[in-house]
Amino acid sequence: MVQKLDMLKETASQTAGPYVHIGLTPNWCGIGGVYPEDLGRVMVGPKAKGERIAVAGRVLDGSGTPLKDALIEIWQADAAGLHNSPLERRGVADPHFTGWGRQPTDGATGEFRFETIKPGRVPYKDGRLQAPHITFWIVARGINIGLHTRMYFADEEAANAECPVLARVEHKVRVPTLIAPRAEGGAGPVYTFDIRLQGEKETVFFDI
Amino acid sequence: MADRDTNAIRDMGSFYQRDRAWHPPAFTPQYKTSVLRSPQHALLSLEGTVSEMTGPRFGHGLLGPLDNDLIRNFAKDSEPIGQRIVVHGRVLDENARPVSGALLEFWQANAGGRYRHKKEAYLAPLDPNFGGCGRTVTDDDGRYWFRTIKPGAYPWPNGVNDWRPAHIHFSIFGHAFTQRLITQMYFEGDPMIWQCPIVSTIPDRAAVEQLIAALDRNNTLPMDALAYKFDIVLRGRRSTAFENRMEGN
Ligand SMILES: [Fe+2]
């Protein structure tokens, strides 16, 4: 016998199930009057700095069918590369931008959409700059533990080429699964980010 | 102030590696929906960067007075039918330190096992006085509590005769986005826990037992509600004092 380490085990994950919206976006699924609005629905205030963009896409299963019951959260830096978090030590983030969004995939089409701003660059732990990116977390029925990935911007070629995290992807053929193309829409630029859970173009997911 | 400094330092170390053998794997064929929704490539291991080691914070100011009272937050003309319960506990990290300011959101079926959701097809009736969602934020000691009714078990399409044990879904926001967690709480003494294809996605029996709330007679509200105690553990971080020494500073 040896002395015990006074450590606890992390509570095990369980699937969010098909009714995750009751808990996380109740107004969206018709349970009105409990909360004034769903958390994470609006990320950008009228005075927020930076380029307004939309990020849209789908989450596809191994048969290529979009998930109509998934829930996605995103977390990102502001236009200056700072996070609106008490744990941000490098400066004070734009108070008009939350940096955190939560959206369900549409019950009919499977599409999700975030109205946000394009983030600035954030340093890697050794001080090199990462390319601009948005952190994604995906839960749904059939997903036993939330999936972490990142979305990068196709129009940031130079930054992407030197990003220390993208450099960690061993099979370079998989890097494009993390990069969203940009289109100029009537309401502003839209980046399309389809997340593939399985199959030939399976998205790179992270253990962070 | 000293306390705040300690917290600040504690909050800067990198996170302990997640024990993936303790959590359910992605591919669990007994839970059929996981088959086409499970990534097949290895996850890319990434020591947290500032992008994941930060996270949004939700203050107590967010909360309405009935947010942690599922008996009253949707009630129309009377209160929902069912066994009245209080669920309480603490949110801790792997170092057994309280996580204050954690946002907890819960959702559940009503006493008959029916969810208020347009895609729900179970024949048990809706309860007009029960919505099924609630939320709260932990206090300085990591404590939380909420009041609700005990959810019923329900059948679900997986095998032809699979049932979920009574459970409450929990979503937990710690301080960092890496700590993000969704799980389910079960009830002490329920034999159906051990027959459930979703519970059995968890390989280790001890990890399942950690999801079972204990009946807590000492905290029952006399003549009102039974109590269940459910503690939650989020990922912990290294002490930066250690890390700096390791790096030779
Ligand atoms: Fe459920």
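Labels below follow one simple rule: chain letters A, B, ... track the order of the sequence lines, proteins then strands, and each chain is numbered from 1. Note that these values count all heavy atoms, side chains included, but never hydrogens, waters or copies made by symmetry.
- Among A:Gly40, A:Gly62, A:Ala12, the residue with the largest count of heavy-atom pairs under 4.5 Å with chain B is A:Ala12.
- Among A:Tyr152, A:Phe114, A:Phe136, the single residue meeting the ring pair (Phe, Tyr, Trp, His ring centres under 6.0 Å) criterion with A:Phe193 is A:Phe136.
- Heavy-atom distances place the side chain of A:Pro36, and not its backbone, under 4.5 Å from chain B.
- In this structure, chain A has heavy atoms under 4.5 Å from both the backbone and the side chain of B:Asn73.
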Requested in this report: Using the ring-ring contact (aromatic ring centres under 6.0 Å, His included) rule, take A:His83 and A:Trp75 through it: C-alpha gap first, then chi angles, then the decisive distance, then the call.
Outcome: CA-CA 9 Å; A:His83 296 88; A:Trp75 173 243; 5.6 Å; yes
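- Between B:His167 and B:Tyr115, the ring-plane angle classifies as tilted under the 30° and 60° cut-offs.
- For chain A, the nearby parts of B:Ser38 are the backbone and the side chain; heavy atoms of each come within less than 4.5 Å.
- Ranked by heavy-atom pairs under 4.5 Å with chain A, the list B:Asp204, B:Leu92, B:Val199 is led by B:Val199.
- Taking CZ of B:Arg147 as the reference point, atom CG of B:Leu66 lies at 9.0 Å (rounded to 0.5 Å).
- Interface remark: B:Val208 contributes no atoms to any contact with chain A (heavy atom separation under 4.5 Å).
- With a 4.5 angstrom heavy-atom cutoff, B:Phe170 does not touch chain A via any of its atoms.
- Of the atoms belonging to A:Ser63, heavy atoms from both backbone and side chain fall under 4.5 Å from chain B.
- Ranking A:Lys125, A:Gln76, A:Arg174, A:Glu88 against chain B, the residue ahead of the rest is A:Arg174, based on heavy-atom pairs under 4.5 Å.
- For the pair B:Lys119 and B:Trp156, the NZ or CZ position fails the cation-pi test of under 6.0 Å to the six-membered ring centre and within 45 degrees of the ring normal.
- With a 4.5 Å cut-off on non-hydrogen atoms, A:His171 does not touch chain B at all.
- Taking 4.5 Å as the limit, every side-chain heavy atom of B:Phe146 sits out of range of all side-chain heavy atoms of B:Asp69.
- Within the 4.5 Å cutoff, the side chain of B:Val91 has heavy atoms near those of the B:Leu104 side chain.
- Cation-pi contact between A:Lys118 and A:Phe153: present, with separation from the ring centre below 6.0 Å and deviation from the ring axis of at most 45°.
- With a 4.5 Å cut-off on non-hydrogen atoms, B:Leu103 touches chain A through its side chain but not through its backbone.
- Most heavy-atom pairs under 4.5 Å with chain A: of the set B:Gln210, B:Gln179, B:Lys32, this distinction falls to B:Gln210.
- Checked against a 6.0 Å centroid threshold, the rings of B:Phe74 and B:Phe130 do not count as neighbours.
- Heavy atoms of A:Ile22 lying under 4.5 Å from chain B belong to its backbone as well as its side chain.
- At a 4.5 Å heavy-atom cutoff, the contact between A:Val204 and chain B is made by side-chain atoms alone.
- Interface remark: B:Glu94 contributes backbone and side-chain atoms alike to the contact with chain A (heavy atom separation under 4.5 Å).
- With a threshold of 4.5 angstrom between heavy atoms, B:Ala26 approaches chain A through N, CA, C or O but not through any side-chain atom.
- Interface check for chain B: of the options A:Asp61, A:Ile208, A:Thr98, the most heavy-atom pairs under 4.5 Å are formed by A:Ile208.
- Residues A:Glu157 and A:Arg182 are not paired through a salt bridge, judged by the lack of any N-O separation under 4.0 Å between the basic side chain and the carboxylate.
- Contact of A:Arg196 with chain B is not made at all, since no heavy-atom distance falls under 4.5 Å.
- Between chain A and the residues B:Gln40, B:Arg180, B:Gln108, the largest count of heavy-atom pairs under 4.5 Å involves B:Arg180.
- Heavy-atom distances place no part of A:Val59 under 4.5 Å from chain B, backbone and side chain included.
- Side-chain atoms of B:Arg164 and B:Gln184 form a donor-acceptor pair, as typed in the model, at a separation below 3.5 Å.
- Here A:Arg141 is the residue among A:His133, A:His21, A:Arg141 with the most heavy-atom pairs under 4.5 Å with chain B.
- The pair A:Arg113-A:Glu115 counts as a salt bridge, with a side-chain nitrogen and a carboxylate oxygen less than 4.0 angstrom apart.
- For the options B:Phe173, B:Phe106, B:Phe58, heavy-atom pairs under 4.5 Å to chain A are most numerous at B:Phe173.
- In this structure, no portion of A:Ala77 lies under 4.5 Å from any heavy atom of chain B.
- For A:Leu39, the part sitting under 4.5 Å from any heavy atom of chain B is the side chain, from C-beta outward, and nothing else.
- Top candidate by heavy-atom pairs under 4.5 Å with chain A, chosen from B:Leu63, B:Thr178, B:Thr183, is B:Thr183.
- With a threshold of 4.5 angstrom between heavy atoms, A:Leu5 does not approach chain B through any atom at all.
- Between B:Lys118 and B:Glu120 no salt bridge is recorded (no basic side-chain N to carboxylate O distance below 4.0 Å).
- When each of A:Val122, A:Ile145, A:Asp6, A:Thr203 is checked for heavy-atom pairs under 4.5 Å with chain B, A:Ile145 comes out on top.
- Only the side chain of B:Leu211 comes within contact range of chain A, with at least one heavy atom under 4.5 Å from a heavy atom of that chain.
- More than 12 heavy atoms of other shown residues, nucleotides or ligands fall within 6.0 angstrom of atom CZ in A:Arg90.
- The most heavy-atom pairs under 4.5 Å with chain B, out of A:Pro86, A:Gly30, A:Gly81, come from A:Pro86.
- In this structure, chain A has a heavy atom under 4.5 Å from the side chain of B:Glu105, while its backbone stays farther away.
- By the 6.0 Å contact criterion, NZ on A:Lys201 is open, its count of non-hydrogen atoms from other residues, nucleotides or ligands being 12 or less.
- Considering CG of A:Leu24 and SG of A:Cys29, their distance stands at 9.5 Å, rounded to 0.5 Å.
- With no hydrogens or angles considered, a side-chain donor-acceptor pair links A:Gln14 and B:Tyr186 at under 3.5 Å.
- Taking the centre of each ring, A:Phe206 and A:His148 stay at or above the 6.0 Å mark.
- Counting heavy-atom pairs closer than 4.5 Å to chain A, the top residue among B:His169, B:Arg18, B:Gln17 is B:Arg18.
- Only the side chain of A:Gln130 comes within less than 4.5 Å of a heavy atom of chain B; its backbone N, CA, C and O stay farther away.
- For B:Leu62, the part sitting under 4.5 Å from any heavy atom of chain A is the side chain, from C-beta outward, and nothing else.
- For the residue pair B:Arg114 and B:Tyr122, no side-chain donor N or O sits within less than 3.5 Å of a side-chain acceptor on the partner.
- In this structure, the portion of A:Pro18 lying under 4.5 Å from any heavy atom of chain B is its backbone and not its side chain.
- Contacts between B:Arg135 and chain A at a heavy-atom distance below 4.5 Å involve backbone atoms as well as side-chain atoms.
- Only the side chain of B:Thr201 comes within contact range of chain A, judged by heavy atoms closer than 4.5 Å.
- Under the 30°/60° scheme for interplanar angles, the aromatic rings of B:Phe177 and A:Trp137 are found to stand perpendicular.
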